[in-house]
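What follows is a set of notes on a single structure, which appears directly below.
All chains are named by letter (A, B, ...) in the order of the sequence lines, taking the proteins before the strands, and each is independently numbered beginning at 1. Quantities reported herein were computed from a predicted structural model and do not represent experimental measurements.
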Amino acid sequence: MSKQVGPLLQRAPYRYELPETYKKGMRVPGILWVNEAAARLIAEDQSLDQLANVACLPGIVGASHGMPDIHAGYGFPIGGVAAFRTDSGVISPGGVGYDINCGVRLMKTSITVEDVRPHIEELTRRLQRDVPSGLASEGELSLSAADLRDVMVQGAQWAVDRGMGELQDLEFCEDRGAMQAADPNAVSERAVKRGRNQLGTLGSGNHFLEVCYVDSVYDDGLAEAFGLRYHTVCVMVHSGSRGFGHQICTDYVSIMLKAMTKHGIHVPDRQLACAPFDSDEGQKYYSAMACAANFAWANRQVLAHLVRGVMSGLFPGIKVSTVYDVAHNIARVEKHVVEGRPLELIVHRKGATKALGPGNSLLPGAYSRYGQPILVPGDMGRYSYVLAGTVKAQEETFGSTCHGAGRLLSREAAKKSVDGSMLKATLRDKGIFVLGTSNASLAEEAPEAYKDVSEVVSVMVDAGLARKVARLVPIGVVKG
DNA sequence: ATGTTC
């Protein structure tokens, strides 16, 4: 017997199916990884229809997956995972999103919250002073077109080679901080123009720098493996590919709208514009997307370097090392086992994190016995989580988990109901010192605008798609 | 997310 919630059928605890009969054209079912309360909310939400639309795309394999932090996005839902055959399926810019390789880097330090607490205001002010943030912000690096081409190909390595980081940083970046598929020839002049002054800038919206500390450890072995001891101070960086990736997405949505006619592809929503992966347009988008992904890794590498500079200035002798760096808006060619056979797929994760289980050969050596650190930021007033990947996720969700709390209120609704300066004062009373580019932008990012990330994380853990490692509580935040 | 309506 399976329980029904609107059009959704519960197939297992935390696993709800949206059957192919929900909408004409669906080639596979949708699967939502949620608890019952969330299933009821999503059953009425636009993201459910988007999940179904994705299931209509050519070459989709298995199911169109929705993570517990799912909400409506451009065409594809945010919190969505969709894998397509590379020989007969499509690639879609909407399945990656406008902020290509938006992602998170977590760094641990050699000091504790007791060391930092007395200096948190000064530390946060210096972070805001030394790390450019906000819309249209520009960095200290002004790249020539040739330099930018190198960034597009080399990713995080480009920055490390120029003294902005440590070799170890690369080992703990997904893909070692660079996708091999990058080809700068697939990137427009306009994207280059927008990207040249933006390396080493945080951006705006939900992008942030956060000083936080380990306040709970759930698994001693995993936490030790990731270097996350009780009260260790960490820094989380959330940023992406800025105007550069945005322009690449814009360019290719337009290219693919034309390509669809040429290739005879029909989609239920124009925002799902796509092309066969093995077509000229599909390959060029993949190459350009990889350039943006590599730009974002270089960006987080430079940001990490700037953070290190600030931390060392205030705490001489401090060691700041990368725990892990994940993309949560990206598409990659990966091998997965489908119906008992290995198959090459182009896996789109939009607001979803890749999660490798113990023993996966792609893991850095130090983590191979433990699985991948999954970084799940919550909101600036509560907490974030570090999880570890499982083999079950590799089997059930193409090795994917959630990426954050997920919005509860729209930006508009949050701005109406929250006063930015009052929010700052409230957080300060809680021991969280917050600086933003404006009170309005802070209000949009208020804790009450987000779901409680602990509920999102519980679903992943109880469904067996991740293991709980540690919880991080913020003490100083710079918002873009 | 984004030189937030090239």
In whole angstrom, give the distance that lies between atom [atom1] of [X] and atom [atom2] of [N].
| X | N | atom1 | atom2 | answer |
| --- | --- | --- | --- | --- |
| A:E444 | B:dT4 | CD | P | 15 Å |
| A:E412 | B:dT4 | CD | P | 16 Å |
| A:R411 | B:dT4 | CZ | P | 15 Å |
| A:Y74 | B:dT4 | OH | C1' | 15 Å |
| A:F295 | B:dT2 | CZ | C1' | 13 Å |
| A:K193 | B:dC6 | NZ | P | 13 Å |
| A:Y98 | B:dC6 | OH | C1' | 12 Å |
| A:E189 | B:dC6 | CD | P | 20 Å |

Give one of base, sugar-phosphate or nothing for [X], where a contact means two heavy atoms less than 4.0 Å apart.
| X | value |
| --- | --- |
| A:G205 | sugar-phosphate |
| A:G245 | nothing |
| A:Q198 | sugar-phosphate |
| A:G240 | nothing |

Should the ring pair A:H65 and A:W33 be called parallel, tilted or perpendicular, given that the plane angle runs from 0 to 90° and is split at 30 and 60?
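A:H65 vs A:W33 ring planes: parallel.
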Parallel, tilted or perpendicular, as decided by the 30° and 60° cut-offs, for the rings of A:F226 and A:Y367
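Because their plane-to-plane angle is over 60°, the rings of A:Y367 and A:F226 count as perpendicular.
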Looking only at atom types and distance, does a side-chain atom of A:H348 sit under 3.5 Å from a main-chain N or O of A:A331, one as donor and one as acceptor?
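No; judged by distance alone, with no hydrogens or angles, the pair does not exist.
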For A:Y285, what residues pass the ring-ring contact (aromatic ring centres under 6.0 Å, His included) criterion, not counting sequence neighbours?
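So A:Y285 forms a ring-ring contact (aromatic ring centres under 6.0 Å, His included) with A:Y252.
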A:H238 or A:L135: which one's nearest nucleotide on DNA chain B is closer to the 5' end?
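On the 5' side of the pair lies A:H238.
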Starting at the 5' end of DNA chain B and moving along, which residue's nearest nucleotide shows up first, A:R190 or A:S137?
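The residue mapped nearer the 5' terminus is A:S137.
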Looking at residues at least two apart in the chain, or sitting in another chain, which of them share a side chain to side chain contact (heavy atoms under 4.5 Å, CB included) with A:I78?
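Checked A:I78 against side chain to side chain contact (heavy atoms under 4.5 Å, CB included); matches are A:H71, A:K350, A:H403.
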Taking only N and O in the side chain of A:S204, is any of them less than 4.0 Å away from OP1 or OP2 of B:dT4?
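No.
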A:R242 side-chain N/O to B:dT2 phosphate OP1/OP2 under 4.0 Å
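Result: yes.
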